[in-house]
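What follows is a set of notes on a single structure, which appears directly below.
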Amino acid sequence: MTTYKHSIIIAIDGPAGSGKSTTARLVAERLGFIYVDTGAMYRAVTLAWLREGKPDIEVFLRNLPDISLSRDPQTHRQMTLLEGVDVTDQIRTSEVTEQVSYISSLKTVREKMVSLQRNIGTDHNVVMDGRDIGTAVFPKADLKVFMIADIQKRASRRLEEMKSKSKHHVPSLDELIQQMKERDTYDSSREIDPLKMADDAMLLDTSELTIEDQATIIIEKAKPIIIKHSHGA
Ligand code: DC
């Protein structure tokens, strides 16, 4: 991986199914950056809470589980570890999806995850996707993109993603639209670091764009920034 004087941060935020993760992964791959899916971290905390039998939240927060990220040696894809054990597949179940907005709204959880995310961005050039990367995690990110798309498109994309990623029950399109609307409302209206476009973010409506289009747009925006960094700016 190319190293620069300071690490470069590309922040990609937006609601579920807006095309963030696939696009962010592709952009990272092409630029030789590390891709970080921050939603997976909140999902792993949620999985831990479910596995513990949904204990009282105050008790759970006193001793949050250990979450870390690794790379699959073959595919180089992100692996999400809970107490050192790979849970990349288990965090995609509908049980986790139903509870993740709640767990990720908790201050203690956010503080811990944001600190882990900042640590990753200190040492590496990253493309990080989430809800609050450009507003809270890296307010000084080199490039901020806020992706949106119409709900029908988002739900059908998420459905395809779920079918390919998950061995678990996959909901119907209508169920998914409903769930996504609820999750977006919850994520946008929570008190701490809600889903919100940063003032200096580029808005990208992906409704009519292919993944390839989206990646190209972001890479074109990133190129001058990378050149500037390589000259020590
Ligand atoms: O991207 P995703 O659907 O896997 O994210 C799961 C949930 O995690 C999402 O509903 C909101 C939360 N999340 C968050 O609060 N902040 C982030 N940076 C990423 C995800």
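Counting starts at 1 for both ligands and their atoms, following the listed order. Only heavy atoms go into these numbers, but all of them, side chains included; no hydrogens, no water, no symmetry mates.
Nearest to atom 18 (N) of ligand 1 among the protein's heavy atoms is Asp132 OD1, 2.8 Å. Looking only at protein heavy atoms, the nearest one to atom 19 (C) of ligand 1 is Thr38 OG1, 3.3 Å. For atom 6 (C) of ligand 1, the closest non-hydrogen atom of the protein is Arg183 NH1, 3.5 Å. Arg131 NH1, 3.0 Å is the protein heavy atom nearest to atom 1 (O) of ligand 1. Scanning the protein heavy atoms around atom 20 (C) of ligand 1, the nearest turns out to be Gly39 CA, 3.5 Å.
With ligand atoms numbered from 1 in the order given, ligand 1 contributes 17 (C), 18 (N), 19 (C) to contacts under 4.0 Å with heavy atoms of Gly130. Atom numbering of ligand 1 starts at 1 in the shown order; those under 4.0 Å from a heavy atom of Ser101 are 10 (O). Close approach of ligand 1 to Ser104 (heavy-atom distance below 4.0 Å) involves ligand atoms 11 (C), 12 (C), 15 (O).
The structure places CG of Asp129 at 5.0 Å from CG of Asp37, a figure rounded to the nearest 0.5 Å.
Side-chain contact between Leu50 and Gln99 is present, with heavy atoms from C-beta onward closer than 4.5 Å. Taking 4.5 Å as the limit, some side-chain heavy atom of Asp142 sits within range of a side-chain heavy atom of His229. Within the 4.5 Å cutoff, no side-chain heavy atoms of Val100 are placed close to those of Trp49. Here the side chains of Ile10 and Ile225 are not in contact, with every heavy-atom distance at 4.5 Å or above. Under the 4.5 Å side-chain criterion, counting only non-hydrogen atoms from C-beta, Asp13 is not in contact with Met197.
Look at Glu175 and Arg158 and you find no salt bridge, because none of the NZ, NE, NH1 or NH2 atoms lies under 4.0 Å from a carboxylate O. Salt bridge annotation for Glu58-Arg62: absent, with no cationic side-chain nitrogen under 4.0 angstrom from a carboxylate oxygen.
Using a non-hydrogen distance threshold of 4.0 Å, Gln117 does not register as a contact of ligand 1.
Annotation: Arg110 places an N or O atom under 3.5 Å from an N or O atom of ligand 1; distance criterion only. Note: an N/O pair closer than 3.5 Å links Asp187 and ligand 1 by distance alone.
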Side chain to side chain contact (heavy atoms under 4.5 Å, CB included) for Met147 and Ile218? Distances and angles first, verdict last.
CA-CA 11 Å; Met147 285 192 170; Ile218 298 172; 3.8 Å; yes
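In Arg158, the part holding a heavy atom less than 4.0 Å from any atom of ligand 1 is the side chain. Here Arg190 has side-chain heavy atoms under 4.0 Å from ligand 1, and that is the only part of it that gets that close. Counting heavy atoms closer than 4.0 Å to ligand 1, residue Met41 contributes nothing at all. By the criterion of a heavy-atom distance under 4.0 Å, the side chain of Arg43, and not its backbone, is placed next to ligand 1.
In the hydrophobic clustering of this structure, Tyr42 does not group with Tyr35; members are Ile, Leu, Val, Met, Phe, Trp, Tyr whose side-chain heavy atoms approach within less than 4.5 Å, directly or through other members.
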